[in-house]
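Everything numeric here is computed off the predicted structure, so don't read it as measured data. Atoms within a ligand are numbered from 1 in the order they appear, just like the ligands themselves.
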Amino acid sequence: MSTPPDLHVAHAERAAALDAADPLATFRDRFIFPDTSSDRVLYFTGNSLGLQPSTAATYVQRELDDWARLAVDGHLSARNPWWSYHHQFKEPLAMIVGGKPQEVVAMNTLTVNLHLMLASFYKPTQERYKVLMVGHEFPSDRYAVASQLQWHGFDPHEGLLEVESAPGTFEITDEQIVSAIESHADSLALVMISAVHYYTGQLFPLDLITRTAHAVGAMVGFDLAHAAGNVQPDLHEVGADFAVWCSYKYLNSGPGGVGGAFVHERHAHRTDLVRLAGWWGNDEATRFHMDHDFVPTPGADGWQLSNAQILPMAAHKASLDIFMEAGMDRIARKRDQLTAFAWDVITDVVADRTDVRIITPADPSRRGAQLSIQFDHHGRAVFDALTRRGVIVDWRVPNVIRMAPAPLYNSFADVAEFGKHLAESLVETAS
Ligand SMILES: Cc1ncc(COP(=O)(O)O)c(C=O)c1O
């Protein structure tokens, strides 16, 4: 069964009107689309690896040139001096995650930062040692938490709790999360959740989670891998203790790019918080005194270990300059429109199919840009057919295609075309 051509015409017309009214439409030209055999590549994988900003090469080359020209003097005399390079990220990252500049830092990579945060904020006792996560969490987070439990002498099978959706459903309800927290009120040390779930695309209620966990005396941390640059986590207001993220997805800063961390200001000056320290976390005023005793820089900067990774940070800067220009509010507004349009297009296309469905929440306040399409069969074949057509989405075992229109470089026309390709791919793979 194929969808009527009229439907695609209607989608294309609606897309044309939305693109014409889109204040961010020209930002698309700031990114480099991959070279494929198709005439027009449709890229919907910004939730995995964001596109390269066209300025990235210039920004990285500038640092290479300064390194060639100045060698060690670049630390102080480069056009963006390397000793303070990471300071440039405070304003954009604060805007992106909803923190204060002192609460955010660009450093390391996501899983490394998660371990650093757990070292400070997961302080189990014999009574209070459990960690609550959501079911089917991204493996790296689960490995990190399980290994931290073991590090402290606890059995992860007992100490790592997972809140699951009801059988046959994919959305984890607020009631399920609250009840899981409250039923372990006396033994819970930490709630550690990905703000946006990598598989289903569900955005969790960060405010409710934080309030409920704090009320029972647990710490709260969020993984923003799929949230940073996508949704607005508003971390300061929400009151999370810490958060970590990567920059290669919606933040378009390149493969393995520099990660980030948030530490709430209530912890900024705490001297009782043990951390795994390094010299770059020492107070800048005395860092080069080479003293024996570690004096942490107040705020998130105090968790840095090593001197800044200038080359990946240059690509990060190229991208965050674009975020500053576009503004997170405008990006979020377009994300809502774009995802709602994608929702309509996909549901129209699969309207007569009982074997294909979107498992991402229908409520826009419970999702970001990603829509996860689940197939009872032939899903992998549909994915392959889409790929042959130049539609870049991703396949996640066992049976989901994830697509994520990114507001900075996807147009509504991209989404309308996706619908046409999806319809044709479904027909092609039906037998
Ligand atoms: C939700 C989530 N957490 C953690 C990671 C791991 O990130 P990294 O390899 O940067 O440590 C990823 C990577 O895709 C992820 O999606």
Side-chain angles (χ1 to χ4, degrees), residues 44-51 89 93 96-97 104-119 121-122 131-148 160 162-163 170 172 190-204 206 209 220-231 233 235 240 242-262 276 303-306 309 311-313 315-316 319-320 359-360 366-372 392-397 400-404 406:
F44 296 110
T45 325
N47 57 339
S48 183
L49 184 73
L51 291 182
F89 301 117
L93 290 177
I96 286 164
V97 302
V104 294
V105 63
M107 61 180 189
N108 310 315
T109 50
L110 189 156
T111 310
V112 171
N113 290 339
L114 179 54
H115 275 297
L116 292 178
M117 293 296 124
L118 292 172
F121 294 103
Y122 176 56
V131 183
L132 181 76
M133 307 184 81
V134 290
H136 305 282
E137 179 56 278
F138 192 84
S140 200
D141 297 42
R142 220 181 165 284
Y143 301 156
V145 168
S147 63
Q148 287 276 341
L160 199 166
E162 289 166 291
V163 50
F170 294 92
I172 302 174
L190 174 71
V191 176
M192 173 63 225
I193 287 180
S194 278
V196 174
H197 195 278
Y198 86 99
Y199 193 76
T200 65
Q202 177 174 356
L203 165 62
F204 293 105
L206 308 189
I209 291 170
V220 180
F222 293 117
D223 172 345
L224 305 183
H226 288 264
N230 174 21
V231 299
L235 292 176
F242 69 88
V244 293
W245 56 89
C246 56
S247 66
Y248 42 79
K249 297 180 188 289
Y250 296 97
L251 293 181
N252 311 318
S253 301
V258 64
F262 164 93
L276 298 181
W303 272 265
Q304 294 172 105
L305 298 179
S306 303
Q309 303 143 256
L311 299 180
M313 281 187 177
H316 198 29
S319 175
L320 295 193
I359 60 169
T360 308
R366 295 176 77 83
R367 66 180 188 219
Q370 176 183 321
L371 295 179
S372 301
I392 304 179
V393 286
D394 80 8
W395 173 248
R396 280 287 168 266
V397 288
V400 157
I401 287 176
R402 303 185 307 176
M403 66 88 69

Rounded distance (nearest 0.5 Å) linking atom OG of Ser247 with atom CZ of Phe89: 9.0 Å
Side-chain donor/acceptor of Gln304 to backbone N/O of Met107, under 3.5 Å: no
Within reach of ligand 1, part of His226 (heavy-atom separation under 4.0 Å): side chain
Nitrogen or oxygen of Thr111 less than 3.5 angstrom from that of ligand 1: yes
Ligand 1 contacted by His197 (non-hydrogen, < 4.0 Å): no
Candidate with minimal heavy-atom separation from atom 7 (O) of ligand 1, of Tyr248, Phe138, Tyr143: Tyr248
Ligand 1 to Tyr198 polar contact by distance, N or O atoms, under 3.5 Å: no
CZ/Arg366: more than 12 non-hydrogen atoms of other groups inside 6.0 Å: yes
Mutual orientation of the aromatic rings belonging to Phe242 and Phe121 [parallel < 30°, tilted 30-60°, perpendicular > 60°]: parallel
Crowding at NE2, His115 (>12 non-hydrogen neighbours, <6.0 Å): yes
Heavy-atom closest contact (Leu251 atom, His316 atom, distance): CD1-CE1, 4.5 Å
Asp141-ligand 1 polar pair, N/O distance under 3.5 Å: yes
Heteroatom proximity flag, Ser194 to ligand 1, N/O under 3.5 Å: no
Protein heavy-atom partner closest to atom 14 (O) of ligand 1 - residue, atom, separation in Å: Lys249 NZ, 2.8 Å
Residue of the set Asp223, Val104, Asn113 for which side chain to side chain contact (heavy atoms under 4.5 Å, CB included) holds with Trp245: Val104
Contact check: Asp223 vs ligand 1, nitrogen or oxygen atoms, below 3.5 angstrom: yes
